[in-house]
Number of protein chains: 2
Amino acid sequence: MKKKEVILQAATHLFSRKGYKDTAMGELTKMTGAAEGTIFYHYKSKQGLFLAILSNLKEGILPEFERYRNAESEKTGLDMVEESISFYLYMAQSREDLFAILHQRYPYELAESNPECRDHLEAVYNCFVDIFENAIVTGQRDGSIAPDIAARKSALIVFSMVDSMVRFRMNNLYDVGALYKDLIESCRRMLENRTR
Amino acid sequence: MKKKEVILQAATHLFSRKGYKDTAMGELTKMTGAAEGTIFYHYKSKQGLFLAILSNLKEGILPEFERYRNAESEKTGLDMVEESISFYLYMAQSREDLFAILHQRYPYELAESNPECRDHLEAVYNCFVDIFENAIVTGQRDGSIAPDIAARKSALIVFSMVDSMVRFRMNNLYDVGALYKDLIESCRRMLENRTR
DNA sequence: TATAAAACTGACTGAGCGCTCAGTCTAGTT
DNA sequence: AACTAGACTGAGCGCTCAGTCAGTTTTATA
């Protein structure tokens with residue numbers, strides 16, 4: 001692995017664990033064995049490095065979400081919602097570093113002045129919400145989900161619940177495992193079609 | 001107003017808008033007119049100042065939530081849930097500074113090594129969840145809310161939704177106003193008693 | 001093997017930071 | 001008027017940090 005890649009990986013790890021501001025470039029040199037200058041040779045600034053991480057995050061996560069979304073399924077839409085929640089929670093755990101970065105303040109602050117950053121964030125969030133919307137639309141077609149709810153907005157609401165769970169877990173506020181069953185049940189009650 | 005209080009207010013504002021690490025003590029001197037030394041005369045360190053803010057936040061918010069929770073209501077539990085969501089969103093808007101601080105990384109980081117900080121956070125979050133739990137328990141008693149759901153866990157789930165909405169608004173990700181109606185409707189579907 | 005480009009190095013810089021401290025000011029008491 | 005305690009001051013200290021740059025090593029090409 002080239003130094004450039006090593007730096008990116010180490011920076012992803014450090015930024016996600018300690019935050020942007022609390023990570024010194026000097027720590028990166030210790031972790032990577034690269035000299036201070038090498039980092040600035042490959043990335044023009046600390047902010048530039050962060051943008052590279054975001055871009056890498058997008059490239060690493062989106063395809064997996066898109067592949068998941070496009071996979072054929074025999075399930076009802078309502079069951080797909082449950083599965084999507086599982087999938088999201090699974091991804092958030094297996095790619096902890098990347099999701100932790102999305103739960104920090106810095107990217108949103110940067111997004112206000114940097115369109116590239118804003119684009120990355122929007123793409124990622126749209127993709128997240130898409131998998132829930134896809135399941136809901138499917139459910140409205142097959143009759144398992146209430147036809148009179150707004151699919152996109154409901155998808156956003158489901159996402160907001162799952163996103164909070166991830167945040168709770170990361171901040172050590174609540175044990176998400178203990179809530180998982182109730183979360184699924186709540187979403188089912190929220191979405192299921194009762195007119196049949 | 002004494003300098004000490006002025007410093008606390010200004011620091012609350014700055015910390016909430018720019019974050020803990022990105023706020024320099026020097027900025028506080030400009031905002032308050034107090035000398036650098038004055039801040040450290042009243043608060044023993046930057047961290048100590050932050051703890052004072054948290055304590056002040058608790059004292060400022062909890063009584064209002066407790067008063068709200070203990071107020072008698074003619075409403076059904078299900079209607080109370082809706083009202084509680086409104087109340088929470090209203091509080092989050094009118095006390096924007098305080099809620100913004102709760103949505104930062106620093107307090108949770110500090111909580112891991114500082115019990116005082118941890119206590120403050122726990123007290124605040126418990127109080128938040130309590131108002132939803134109270135409504136749900138009431139609803140289970142009056143029959144408007146499903147008897148077979150776990151009140152505390154459901155309260156946590158409702159809270160997680162509302163909390164995400166506040167976070168979305170703060171990060172300029174989505175317009176919460178546009179989602180309000182759907183949020184309420186979703187919670188109703190999620191909680192309402194259908195066995196009657 | 002010679003040459004050039006690309007990758008890498010680490011001592012250095014200067015700005016900014018949290019915090020200190022010796023001393024001044026103010027208001028209340030005797 | 002003399003004294004005192006608490007509030008307040010701001011220059012300055014020690015340190016950290018992002019970023020630079022002149023120079024060295026590695027790699028690719030001729």
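Here is the naming used below: chain letters follow the sequence lines, and residue numbers restart at 1 for every chain.
Proximity of residues 13-30 of chain B to DNA chain D (heavy atom under 4.0 angstrom from any strand atom) is not detected for any residue. A heavy-atom distance below 4.0 Å to DNA chain D is reached by these residues of residues 43-56 of chain A, ordered by number: A:Ser45, A:Lys46.
Rounded to 10 degrees, the angle between the two end axes of the helix from C:dT1-D:dA30 to C:dT30-D:dA1 is 0°, with five pairs used at each end.
At a threshold of 4.0 Å, the pair B:Arg118-B:Glu122 counts as salt-bridged, since one of the basic side-chain nitrogens sits closer than that to a carboxylate oxygen. Between B:Arg167 and A:Asp163, at least one side-chain N (NZ, or NE/NH1/NH2) sits under 4.0 Å from a carboxylate O, which counts as a salt bridge. Salt bridge absent: A:Arg17 and A:Asp22 never bring a charged side-chain N and a carboxylate O closer than 4.0 Å. Using a 4.0 Å cut-off between charged nitrogen and carboxylate oxygen, B:Arg189 and B:Asp182 do not count as a salt-bridge pair. Salt bridge annotation for A:Glu109-B:Lys18: absent, with no cationic side-chain nitrogen under 4.0 angstrom from a carboxylate oxygen. By the 4.0 Å N-to-carboxylate-O rule, B:Asp148 lies too far from B:Arg194 to be salt-bridged with it. Under 4.0 Å is where a charged nitrogen must lie from a carboxylate oxygen, and between A:Asp130 and A:Arg152 at least one such pair does.
For the atom pair CZ (B:Arg105) and CG (A:Asn171), the distance works out to 8.0 Å, reported to the nearest 0.5 Å. Note that CD1 of A:Ile145 and CZ of A:Arg188 are 9.0 Å apart. Values are rounded to the nearest 0.5 Å.
Of the candidates A:Tyr125, A:Tyr90, A:Phe128, A:Phe128 is the only one forming a ring pair (Phe, Tyr, Trp, His ring centres under 6.0 Å) with A:Phe65.
Taking the six-membered ring for Trp and the full ring otherwise, B:Tyr106 and B:Phe15 have centroids separated by 6.0 Å or more.
Annotation: salt bridge (Lys or Arg N to Asp or Glu O under 4.0 Å) contacts of B:Asp119 (sequence neighbours excluded): none.
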What does the list of N/O pairs under 3.5 Å between the protein and nucleotides 8-10 of chain C look like, with a distance for each?
| unit_1 | atom_1 | unit_2 | atom_2 | d |
| --- | --- | --- | --- | --- |
| C:dC8 | OP2 | A:His42 | NE2 | 2.4 |
| C:dT9 | OP1 | A:Lys3 | NZ | 3.1 |
| C:dT9 | OP2 | A:Ala35 | N | 3.0 |
| C:dT9 | OP2 | A:Thr38 | OG1 | 2.8 |
| C:dG10 | N7 | A:Gly37 | N | 3.3 |
| C:dG10 | O6 | A:Gly37 | N | 3.3 |

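At a cut-off of 3.5 Å, with distance as the only test, a side-chain donor of A:Tyr180 or A:Ser86 sits close to an acceptor on the other residue.
Although no hydrogens or angles enter the test, the distance criterion places no donor-acceptor pair under 3.5 Å between the side chain of A:Tyr41 and the main chain of A:Glu36.
Contacts between chain B and DNA chain D, taken as any atom within less than 4.0 angstrom of a protein heavy atom, begin and end at D:dG6 to D:dG10.
Between B:Tyr88 and B:Phe132, the angle of the ring planes lies from 30° to 60°, which puts this pair in the tilted group.
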